[in-house]
Amino acid sequence: MTHSRQRNVSAARWSADDVALGIDDLTRPQNQVFGVDVFSPAVQRQRLPKDVYKRLQRTLERGEALDVTLADAVASAMRDWALEKGASHYTHWFQPLTGSTAEKHDSFFGPTGDGGAIAEFSGKELIQGEPDASSFPSGGIRATFEARGYTAWDPTSPAFILENPNGALLCIPTAFTSWTGEALDTKIPLLRSMDVLSRSAIRALRLLGDEDPQRVFTTIGAEQEYFLIDEQYYYERPDLQITGRTLFGSQPPKGHELDDHYFGAIPERVLAYMMDTERQLQRLGVPVKTRHNEVAPGQYELAPLFETSNVAADHQHLVMQVLEQTAPKYGLVCLLHEKPFAGVNGSGKHNNWSMGTDLGGNLLDPGDTPHSNLVFLFFCSAVIKAVNEHQGLLRATAANVGQDHRLGANEAPPAIMSIFLGSELEAVFDAIEAGEGDPSAPGSFLGLGTPVLPPLPRHSGDRNRTSPFAFTGNKFEFRALGSSQSLGLTNTVLNTIAAEAIDALADELEKKLDAGTELAAGVTEVTSETYKANKRVVFGGDGYSQEWADEAAERGLLNLRNTPDALPEIVTPKSIALFEKYEVLSEREVEARYEVLLEQYGVKLNIEAETAAHIARTLILPAAVSQLKVLQETGLDAQAAETKGLVDEFYERVLKLEELNRKPGEFSDMEHVRFQRDEVIPAMDAVRETADRLERIIADDLWPLPHYSEMLFIK
Ligand code: ADP
Ligand code: MG
């Protein structure tokens, strides 16, 4: 099979042919596609009876429970709109604990009894669905004999239409619960955490003298990194198909050392793909904004504008889905795995996070008035406290089998949770902590300019790419999330720990105000005390360095390098108490999540190990043996001996891996999972190490897998 040159040539050739979307005059309204497939507030206003629309909006603005009498009217308008768009079916679209989305399609059409059919869709069908829940992971919440689960409409995330060349589907974002009312998904806890944060933040704002905001929303802008490779390579790599990453592959002579990829010109085929993807996402109301090449060859990034957390989380799933589904149209495959290629930069998902009021204010924006500075200082200190106190929990939300190749493996960002404030802001906190200046005496903040605080720079100039949690002007950027991960759990945790810290600071401030302290002085004192108690988590240096690991250990910060180490942080008494206190997750719901995450890790690791053994035996070993035979027959003794040595070593290592793979155990059992981590992974690495050496000496036409240099550089 001398297929390698052939396939490389065909992979390198691409022309738009019949997939071209064409170019439109964007000044013409009919060519504006943003949100056209969304049952948006604008569409609702047009289609719903006036009073229904108003009642619905009121419900949403106040975050109140939905009045069921509204549902019939909304359902009927939604159905008509969907039918006009060609949707024959609808689905309750939800996010089970699998980490991805789920859908079960039902037709709008029901028989009339006289041989005809009419389109029906009632309020009840809009509000509630009953998918068979038995096949979704529940972490023990739901025994199989209680298979019932319910989906419940989330009116805060607008319904949308997914198009297919052969029809369309109305998708209704829903929450997913067991029949006992426990959350089986990632949306419910996120919504609960948003409520919790809103309550705490509003209470704090009142103390800070802000009477106007009624609700605080958390916001997320999630930057998505991904790889694209030609699909021919993908289908020749069982490891990529089955595990999402290459289990073998020797390093190419050229990596990203030349730094010629980051922000470089985007190859034509890739750009065509990006434009197609973005157009679809825009139709779905996802505010995609930025595209560029990423650091690694073959790696790219897409970033939307920020939105309210639960909408952003839903949209993030759409982003991943559209990225993956569009690639084949361009002969590509989109890899969302955190580490598709060893030795090459991995992919993350930067979670930009902030808190904003219903009046449009951003609580993490330093602003330019003394008052907005006070608000900022208060909330920023709360975030510092939250991250310091729950660093382990936050770290655990970024743990999965792919992430173990990034966090804690000398790649960005490190597994140690620390906060980067930027030198200017750090200087401000240091000054406040040192008690410099007196807020009641204007101008007394030494060297800090204005009466209370300087107008802080909106966009702090310095950047620190090595920090997992960085302040970037008016938001924090949590960079530890992996490219394949859902935003749900991380943001549930972020919101809840922030709420707890806000409450703690508000308690302190309240005491001071009651004792007669002036507001500005009170906030300064609370800021100073909070910063002093939590500043060990603030770090502005190189997060990759060994010095930081050492220093972090001295500061008492956690360094949980892998998933089995990190996940138990979810179920510590402290974490459970936090979730229970705020009613974001019950103890059972917390434990369920831990169990599901642990099992996913174990199962995925096992799939990798089995796949590695299989490829080693059925693809690589035969290739090596063929090479050996040729060398022996040709009488090239020295070369034959070299190859034989490697073949023998390889065989031994494969046997060892196979033996370990046979060891029985439960993937939800921590002891077995630790065995996988400590024994199976090293055995896999050993097999790979020999395989990668074989790859460098075996004839190209005998080697059964596409090389890194081909997959990464032929575009
Ligand atoms: P940079 O990372 O270079 O600072 P941007 O400032 O454009 O780039 O922001 C990156 C991401 O952060 C975008 O998705 C953006 O929408 C998001 N973002 C900006 N402001 C906020 C905010 N208040 N809350 C959450 N995300 C935000
Ligand atoms: Mg960024």
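Just follow the structure's listing: the first ligand is 1, and inside any ligand the first atom is 1. Just so you know, these numbers use all the heavy atoms, side chains as well, and skip hydrogens, waters and symmetry mates.
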(request) To the nearest 0.5 Å, tell me how far Lys339 NZ sits from His337 NE2. (result) 10.5 Å
(request) Looking only at distances, please establish whether an N/O atom of ligand 1 is found under 3.5 Å from an N/O atom of Leu305. (result) no
(message) What I want to know is whether Thr472 and ligand 1 share at least one N or O pair that is separated by under 3.5 angstrom.
(response) no
(request) Check each atom of ligand 1 against the heavy atoms of Thr219 and keep those under 4.0 Å away; list them by number with element. (result) 22 (C), 23 (N), 24 (N), 25 (C)
(message) So, 4.0 Å and heavy atoms of Ala303: is ligand 1 close enough to count as a contact?
(response) no
(message) Under a 4.0 Å threshold between the charged nitrogen and the carboxylate oxygen, would Glu225 count as salt-bridged to Lys349?
(response) no
(request) Give the atoms of ligand 1, by number and element, whose distance to some non-hydrogen atom of Pro304 is under 4.0 Å. (result) 13 (C), 14 (O), 16 (O)
(request) Tell me, please, which residues at least two apart from Glu268 pass salt bridge (charged side-chain N to carboxylate O under 4.0 Å, His left out). (result) none
(message) Just by distance, no angles: are the side chains of Trp93 and Asp314 close enough, under 3.5 Å, to form a donor-acceptor pair?
(response) no
(request) Would you mind listing which atoms of ligand 1 come within a distance below 4.0 Å of any non-hydrogen atom of Asn362? (result) 23 (N)
(request) Answer yes if the side chains of Ser354 and Asn362 hold a donor-acceptor pair under 3.5 Å, and no otherwise. (result) yes
(request) Mind checking whether Lys289 contacts ligand 1 via backbone (N, CA, C, O), side chain (CB onward), both or neither, at a 4.0 Å heavy-atom cut-off? (result) neither
(request) Measure up the Phe539 and Trp548 rings against each other and bin them: parallel (under 30°), tilted (30 to 60°), perpendicular (over 60°). (result) parallel
